[in-house]
2 protein chains.
Amino acid sequence: MKFQKNTRKKSHNSITIVDVAKEAGVSYSTVSRVFSGFEFVNEDTRRKVVEAANRLGYVVNLQARSLAGGRSNIVGLLVPGIDNGYISEIVKGIDQELANSQYDLMLYTTHRYAGKEAYYVKMIANGLVDGLLLIVPLVTENYLQALPTQDFPYVLVDQADSERPSTTVDVTNWQGAYEATSYLLGLGHKRIGFITGLTQLSSSTERLDGYRAALEHHRIAVNPDLIIEGNYETNGGYLSMLRLLDRPIRPTAVFAANDLSAFGALEAIRERGLEIPRDVSVIGFDDIPEASIVYPKLTTIRQPLIQIGQVAVRLLLEKLDDPEKEARRVTLATELVIRDSCAPPRE
Amino acid sequence: MKFQKNTRKKSHNSITIVDVAKEAGVSYSTVSRVFSGFEFVNEDTRRKVVEAANRLGYVVNLQARSLAGGRSNIVGLLVPGIDNGYISEIVKGIDQELANSQYDLMLYTTHRYAGKEAYYVKMIANGLVDGLLLIVPLVTENYLQALPTQDFPYVLVDQADSERPSTTVDVTNWQGAYEATSYLLGLGHKRIGFITGLTQLSSSTERLDGYRAALEHHRIAVNPDLIIEGNYETNGGYLSMLRLLDRPIRPTAVFAANDLSAFGALEAIRERGLEIPRDVSVIGFDDIPEASIVYPKLTTIRQPLIQIGQVAVRLLLEKLDDPEKEARRVTLATELVIRDSCAPPRE
DNA sequence: GTGAAAGCGCTAACAT
DNA sequence: ATGTTAGCGCTTTCAC
């Protein structure tokens with residue numbers, strides 16, 4: 001690890017509790033009590049202190065508080081990156097919910113620490129934050145193992161943890177995929193392609209399973225040639241779709257494991273001179289904001305993205321309030337959103 | 001200010017430099033020196049320390065470092081919210097650039113502190129972060145006044161500061177607007193509407209000025225009836241466009257001060273049964289990712305969003321490295337991106 | 001109910 | 001080149 005050379009002290013000429021104590025004529029531990037929410041302070045004293053603080057423009061120094069054993073009132077959010085409608089919607093929910101609390105947000109993007117996740121997480125948890133929110137953590141194992149104590153508060157967003165009981169919020173991936181596939185089936189499609197997500201993520205395999213189950217339920221054999229690996233990204237969806245179209249038996253419909261992939265598929269289909277949904281129907285998963293903006297508007301399975309973020313925060317705060325609280329998993333419902341990208345097959 | 005009641009200590013059972021010092025058989029200030037990048041440490045000692053640290057799994061505690069007068073290696077980012085393609089692109093640039101440095105990012109959204117901006121900023125600057133990035137700060141004045149010291153490092157993104165010399169990165173708003181309007185003019189349009197942004201922002205007035213200048217340059221009288229106030233949001237653009245269409249003289253083209261507004265305009269136009277670009281042309285500003293996804297694809301003025309974020313970070317790091325560095329303003333070029341939402345007028 | 005004092009993990013003089 | 005020591009601003013015993 002390289003570190004910045006320390007050339008200069010930060011300018012720290014701020015008002016501290018000592019100043020406030022002087023101004024209010026009390027000891028500085030009293031000031032501390034007032035601001036840390038300690039209950040047994042005389043009303044008069046409290047008022048004096050608060051007034052003095054306001055007069056001076058005092059604001060608490062979170063690092064000092066945290067160092068001294070209190071809380072930093074900061075929660076960490078670990079995401080791959082923010083350049084993704086799916087994630088920014090969840091972040092929006094997180095932000096909204098956090099705004100109702102006294103917590104601030106520290107944003108960590110993992111892409112910069114590929115291969116050093118453990119170090120990174122340790123640093124984060126060791127440092128500043130009271131708890132951690134992990135969104136689709138690709139290397140869940142590494143992350144969690146690195147947590148400094150068994151009971152460091154964290155919650156997993158949209159990723160199951162098979163190793164230990166982890167507080168988790170996710171959605172009905174299997175059911176959503178089942179419903180998407182059934183919808184296509186109901187439209188009359190028989191050859192339905194599936195573009196997977198990142199196969200190491202539980203959401204991806206759950207969706208694949210849902211797709212399979214729906215086909216089987218309709219007594220349609222699952223054709224491995226119609227299942228093709230994607231990566232949850234637009235370009236991956238594009239490439240996969242191209243390969244799918246080049247196969248001898250072309251699907252009349254495609255279910256992409258997320259909207260981003262579906263966008264790529266849309267592009268690929270058009271590039272082959274085919275029309276959507278006339279020649280091939282496309283359905284996605286997520287319902288990110290862009291889904292209703294693209295042309296044609298994407299039929300998709302909606303995840304309550306904002307709500308996911310909110311729930312994640314609530315679970316974390318619960319755990320922060322009561323460390324004994326045991327891990328639980330909240331699974332939110334998905335919902336089919338019918339728009340313009342699906343139609344019955346032509347033939 | 002309410003604060004969280006402090007029910008429990010954070011579990012802090014982490015390895016400190018004292019442990020490392022013991023393990024390595026040196027004093028703990030030596031360990032500090034090694035990890036804070038101090039130069040004059042014997043190679044042997046350094047190696048011993050690093051090895052001991054690795055063995056123990058030591059990671060630095062940033063709060064303690066920062067409290068003790070060092071740097072936290074965290075920069076703060078103050079944004080209205082992240083739910084906006086414009087902002088998330090800039091954030092992406094910021095994140096990319098930060099990844100090359102040793103800095104982490106603390107994200108603050110202002111919407112939660114409406115009316116208490118000063119307090120909020122003070123708290124931020126007082127606390128943790130070494131410097132601050134302010135994106136389109138609506139209440140620039142309040143923010144800047146609240147900075148604890150005259151020389152607290154900050155940079156303003158896409159907002160001019162008329163009060164004091166502030167390090168700023170922005171784009172050629174005037175020129176971009178001039179070019180957009182000229183393009184429409186060149187297509188043959190005479191009645192060109194303008195949907196403004198948030199009027200208190202310099203970017204908005206600059207764009208309006210550019211629009212006016214282009215018209216004047218083409219000897220077309222600026223018609224106040226064609227200028228209508230928006231708010232940089234989709235819904236605002238939608239509402240403004242509706243009003244514009246209801247005026248006696250309908251514009252044949254509209255320039256929206258940003259893409260989000262343009263999207264709203266698109267919707268409004270369609271809702272009135274008109275076709276784009278046949279009946280009315282639309283041009284935007286920003287070129288957020290969605291601009292090339294909407295239908296029809298939006299012709300717009302591109303801002304180098306990612307680059308803006310990168311430059312902002314670079315400017316801040318410069319300032320952090322050398323506090324004496326004086327304020328400067330970097331203005332990046334915009335560029336016309338022609339897509340499908342503009343055509344010559346019909347009549 | 002309030003004050004005094006120790007200490008959180010670290011940096012930065014000041015010594016040696 | 002390395003050790004010693006005094007804080008940074010705060011919370012939290014422990015006294016009174």
Side-chain angles (χ1 to χ4, degrees), chain A residues 3-22 24-49 53 56 58-73 123 126-128 130 148, chain B residues 3-22 24-49 53 56 58-73 123 126-128 130 148:
Chain A
F3 284 97
Q4 195 81 16
K5 199 170 81 190
N6 234 309
T7 42
R8 194 188 72 111
K9 289 191 57 152
K10 230 167 107 177
S11 32
H12 256 309
N13 37 10
S14 31
I15 315 282
T16 75
I17 47 173
V18 177
D19 302 313
V20 176
K22 246 177 245 155
V26 297
S27 85
Y28 75 78
S29 35
T30 300
V31 178
S32 167
R33 287 193 182 98
V34 170
F35 285 106
S36 56
F38 185 76
E39 309 169 74
F40 309 107
V41 183
N42 186 12
E43 254 328 301
D44 271 12
T45 322
R46 160 170 277 125
R47 211 178 21 70
K48 269 198 315 202
V49 168
L56 262 35
Y58 167 80
V59 294
V60 67
N61 181 324
L62 289 180
Q63 349 174 42
R65 166 178 292 177
S66 170
L67 222 211
R71 297 177 158 187
S72 63
N73 278 358
M123 167 121 147
N126 176 29
L128 218 42
D130 294 337
Chain B
F3 283 97
Q4 195 81 16
K5 200 170 81 188
N6 233 310
T7 41
R8 196 189 70 112
K9 290 192 56 151
K10 229 166 108 176
S11 34
H12 256 310
N13 37 7
S14 32
I15 315 283
T16 75
I17 46 173
V18 177
D19 302 315
V20 177
K22 247 177 245 156
V26 297
S27 85
Y28 78 99
S29 43
T30 299
V31 178
S32 167
R33 285 191 184 99
V34 169
F35 285 104
S36 57
F38 186 75
E39 308 168 74
F40 309 107
V41 183
N42 186 14
E43 254 327 302
D44 271 12
T45 323
R46 161 170 277 125
R47 211 178 22 71
K48 266 197 317 200
V49 168
L56 263 33
Y58 167 81
V59 294
V60 68
N61 181 324
L62 289 180
Q63 349 172 43
R65 167 180 290 175
S66 170
L67 223 210
R71 297 178 158 187
S72 64
N73 277 359
M123 167 121 148
N126 176 28
L128 215 45
D130 294 338

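Computed from a prediction, not measured in an experiment: that's the story for all the values here. Order of the sequence lines sets the chain letters (A, B, ...), proteins ahead of strands, with each chain counted from 1. Atom set for the values below is all heavy atoms of this structure, side chains included, hydrogens, waters and symmetry mates excluded.
- D:dG9 atom P lies 11 Å from atom NZ of A:K22, rounded to whole Å.
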Taking N or O atoms only and anything under 3.5 Å, show me the protein contacts with nucleotides 1-5 of chain C, one pair per line.
from  : atom 1 : to    : atom 2 : distance (Å)
C:dT2 : OP1    : A:T45 : OG1    : 2.3
C:dT2 : OP2    : A:N42 : N      : 2.8
C:dT2 : OP2    : A:T45 : OG1    : 3.4
C:dG3 : OP1    : A:S27 : N      : 3.4
C:dG3 : OP2    : A:S27 : N      : 2.9
C:dG3 : OP2    : A:S27 : OG     : 3.0
C:dG3 : OP2    : A:T30 : OG1    : 2.3
C:dG3 : O5'    : A:S27 : OG     : 3.4
C:dG3 : N7     : A:R33 : NH1    : 3.2
C:dG3 : O6     : A:R33 : NH2    : 2.4
C:dA4 : N7     : A:S29 : OG     : 3.4
C:dA4 : N6     : A:S29 : OG     : 3.4

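- Overall, the helix from C:dG1-D:dC16 to C:dT16-D:dA1 carries an axis bend of 40° between its ends, with five pairs at each end and the value rounded to 10°.
- The distance between atom CZ of B:R71 and atom C1' of D:dC8, rounded to the nearest whole Å, is 17 Å.
- Between A:R65 and D:dG9 there is no side-chain polar atom (N or O) within less than 4.0 angstrom of OP1 or OP2.
- When the side chain to side chain donor-acceptor pair (under 3.5 Å) test is applied to A:T16, no partner is found at least two apart in sequence or on another chain.
- Atom-to-atom, CG of A:L67 to C1' of C:dC8 comes out at 5 Å; the value is rounded to the nearest Å.
- Of all heavy-atom pairs spanning B:N73 and B:D130, the tightest one is N-OD2, 2.8 Å.
- Here the closest non-hydrogen pair linking B:R71 and B:R65 is O-CD, 3.1 Å.
- One distance of note links CG of A:L56 with CD1 of A:I15; it measures 4.5 Å at 0.5 Å rounding.
- When the P atom of D:dT5 is taken as reference, atom CD1 of B:I17 falls 15 Å away, rounded to whole Å.
- The side chain to side chain contact (heavy atoms under 4.5 Å, CB included) test with A:Y58 is passed by exactly one of A:V49, A:V20, A:D19: A:V20.
- OP1 and OP2 of D:dC10 both lie 4.0 Å or more from every side-chain N or O belonging to A:S32.
- When rounded to the nearest whole Å, the span between CG of B:D19 and P of C:dG9 equals 8 Å.
- The side chain to side chain donor-acceptor pair (under 3.5 Å) search around A:S32 returns none, not counting sequence neighbours.
- One interatomic measurement links the two molecules: CG of A:N73 to C1' of D:dC10, which rounds to 13 Å at whole-angstrom precision.
- Interatomic distance, A:S66 OG to B:N61 CG, rounded to the nearest 0.5 Å: 7.5 Å.
- Between the C1' atom of D:dA1 and the NZ atom of B:K48 lies a distance of 12 Å, rounded to the nearest Å.
- B:R46 meets the salt bridge (Lys or Arg N to Asp or Glu O under 4.0 Å) test with B:E43; sequence neighbours excluded.
- The distance from atom CG of B:N61 to atom C1' of C:dC8 is 9 Å, rounded to the nearest whole Å.
- Across all strands shown, A:T16 has heavy atoms under 4.0 Å from sugar-phosphate atoms exclusively, and none from any base.
- Checked against D:dC8, D:dT11, D:dG9, the side chain of B:A68 finds its nearest nucleotide in D:dC8.
- Checked against side-chain contact (heavy atoms from CB on, under 4.5 Å), A:Y28 has the following partners two or more places apart in sequence or in another chain: A:I17, A:V18, A:A21.
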